[in-house]
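Chain identifiers are assigned alphabetically (A, B, ...) following the order of the sequence lines, protein sequences preceding nucleic acid strands; residue numbering begins at 1 within each chain.
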Amino acid sequence: MQTDPNGPNPKKSKDSPSNSANTESTQSPSPFPDEVLEKVLSFLNSDKDRSSVSLVCKDWYNAERWTRTKLFIGNCYSVSPEIVARRFTKIKSVTLKGKPRFSDFNLVPQNWGADVHYWLLMFANVYPFLEELRLKRMTISDESLELLATSFPGFRALSLMSCDGFSTDGLKAIATHCRSLTELDIQDVDMDDFCGGWLSCFPEDFGSLEVLNFATLDSEVNFDALERLVSQCKSLRVLKVNKTITLDQLQRLLLRAPQLMELGTGSFQQELLPGQFGDLGIAFSNCKNLRTLSGLWEVASIYFPVLYVACASLTFLNLNYTALRSDEFGSLLAHCPNLRRLWVLDTVEDKGLEAVGSSCPLLEELRVFPADPYDQHLHRGVTESGFVAVSRGCRKLHYVLYFCWQMTNAAVATIVQNCPNFTHFRLCIMNPGRPDYLTNEPMDEAFGAVVKNCTKLQRLSMSGLLTDLTFEYIGKYAKNLETLSVAFAGSSDRGMQCVLEGCPKLRKLEIRDCPFGNAALLSGLEKYETMRSLWMSSCNVTINACQRLAREMPRLNVEVMKDKESDDSRADKVYVYRSVAGPRRDAPPFVLTL
Amino acid sequence: MERASAAYENDLNLKATELRLGLPGTDESSEKQSSRNYKRSSPEMDNSCQKDEQKCVPASKAQVVGWPPVRSYLKNVLHQKNDSDLSGMFVKVSMDGAPYLRKIDIKVYKNYPDLLKALENMFKCSIGVYSEREGCNGSDFSPTYEDKDGDWMLVGDVPWDMFITSCKRLRIMKGSEAKGLGCL
């Protein structure tokens, strides 16, 4: 996150008599009136800057809290609705994140918590002019959506990412009541899709949408209603439809929305007559502002020509849902020279990645997902050579997520030499604990090379056979590391200790199936208060140690979940996070709060 | 987890590389727990390959909860795509009058004549592609296919590439039914 450059005013007032972090009540007047300070502060958008500002002195704390309009809460349990309501009065936009990230992989049971309802009740009371709500990994019920839709007359933007607990009934309420809605963005949710009728609940004259993303829903929507919506929403810039939308329907939508910047298509599984082919091509070519393309279910290479014109200006191509072979992928990529972000399935294989290296010199982000994560077709996909090929051609690469079955230390060393600017390096060798397949050595040197070469590294996910040496490297070199994900790695407590002691900017640490025990856990007592959270599952931690942690650090919430079969002393899943709200009151019975 | 035992310079961490049936990160004393922790869907281990990992093909893959860390929405999508794109496109072929069906991989063929030749070999008959001029080429059999919408179509109307993406199964029709196709 970038810090805004400090304006002259803040620096000046550092000399003012009222500047003292410990001032209880300032006697001497501020050099300028509150209104001026507030006006200046209203330009500050970054949360980090606002946090810093609020620590300067009481005047500044107050000025900041009266001018803050955007609230970002990275862990919904780190603070309570009451505390937020007391501090801020003018909130218009809220971002809330709930469950630990490993809940994405079924490691957190259902009904764990992170229900937004209590927050909404507070918002309805205190922030009636709320406009935006963005939730990630939270539970939201239809009742909550109804409350949301009816409590805030100016509500404009709803974004639900990886959320659960609701159904299309809730969406009906939003469509019906939110007259000023500009954004409805639903991604990766676990919801009940009863029918597509929610879309028809938008009023007939509705025209304010700018973002509409319902790609993850299954049910067919009323196409006439959708077509009318799209033609009336002249500012629509993001449209991501679901699989039920056919190609000729897509063509009609595109004709009505040539201004689109981001498009998620429906299914390409439709036999087109030659005339229809041409029409679709024209419709795509009309969209001169298209930068992002996704969806593309069941697209086959015969359809590529309709996309070529659009591909020329694309900066983000998401082929997550399309199992392409390397040759077809290569021919598509040849038309995408301006790509900055690319998501693909590993069916394109190394040959496909070579095409990436040669066709996309501006590439900054690459994600390669496994088409077959459970290896039913025996180790197909990409290998280290594909990754190396990309690094040779794409020198601006700084974000990678790579799933593969084999890797070598030498390959990773080459990769980070070619691309030293990595900020996010997430490598998943899908066989847990797999060594360098050529030398049979651990992958320590690979990740050592990553942290030594990539000084800007913020996020790291590791895999393969790793000893404590990897963690020593991380502790020694990864000075900008904020998020670390570890699985099936390490040899002893020392590994985890190295990281806790050595990484000053660490905020999130998530660990599973590692031999880290109580000594490791307890070595980070003060450290955890500087972090957002720690997750440890299937490690060697006992409940006693967790209790000790809870006792010694009252401002940390220490939660334990036990597996049914394990013995009483083990803490199978531990979630530790700092909080000013105290232990949570909505913990389900399977969560022990220590 | 199979792994070749290797001593390496830095750290004689032989324990981490010794041959055993637990996943790395667990020691022997907790081996019993490891099976509980990992919640394998099937209890068997890949003890078929203890040697060189590269050459080995695991007999059965035991699955670990939440691993690999792939989001479930992605998994759902991919399972739908599984057979057709990754391992060839096998479709059932039925021939009127034959007691059992066959299966062929239509991705192996480059065009219609190739496919028909293969079908003729398989069923020892002569099959004609319908054309406007010649009808069913004088043969007694007509190849038809079921497309993705569930409709039965005559083989040969659409371009080959489109055919292989939409063909779900083949049926070789015989006799009077076939002749009926020739008259519109």
- Hey, does A:N320 have a side-chain heavy atom less than 4.5 Å from the side chain of B:R71? no
- A:S485 portion near chain B, given a 4.5 angstrom heavy-atom threshold: neither
- Task: Specify the closest pair of heavy atoms between B:M162 and A:L272, including all atoms of both residues, with the distance to one decimal.
- Result: CE-O, 3.7 Å
- Item | Side chain, backbone, both or neither of A:L324 within contact of chain B (heavy atoms, under 4.5 Å) | neither
- Task: Could you tell me whether the side chain of B:W67 and the main chain of A:N431 form a donor-acceptor pair under 3.5 Å?
- Result: no
- Query: Side chains of B:P69 and A:F102: closer than 4.5 Å at any heavy-atom pair?
  - Reply: no
- Query: Measuring heavy-atom distances to chain B, does A:I429 have an atom under 4.5 Å in its side chain, in its backbone, in both, or in neither?
  - Reply: backbone
- Which answer fits A:F516, side chain, backbone, both or neither, if we ask what part of it has an atom under 4.5 Å from a heavy atom of chain B? neither
- Value for OG1 (B:T165) from CD (A:Q270), rounded to nearest 0.5 Å, stands at 11.5 Å
- State whether the number of non-hydrogen atoms from other residues, nucleotides or ligands found under 6.0 Å of A:R494 atom CZ is greater than 12. no
- Query: So do the side chains of A:F369 and B:P68 get within less than 4.5 Å of each other, counting heavy atoms only?
  - Reply: no
- Any side-chain heavy atom of B:V65 sitting closer than 4.5 Å to one from A:F105? no
- Heavy-atom side-chain contact between A:P370 and B:V70 under 4.5 Å: yes
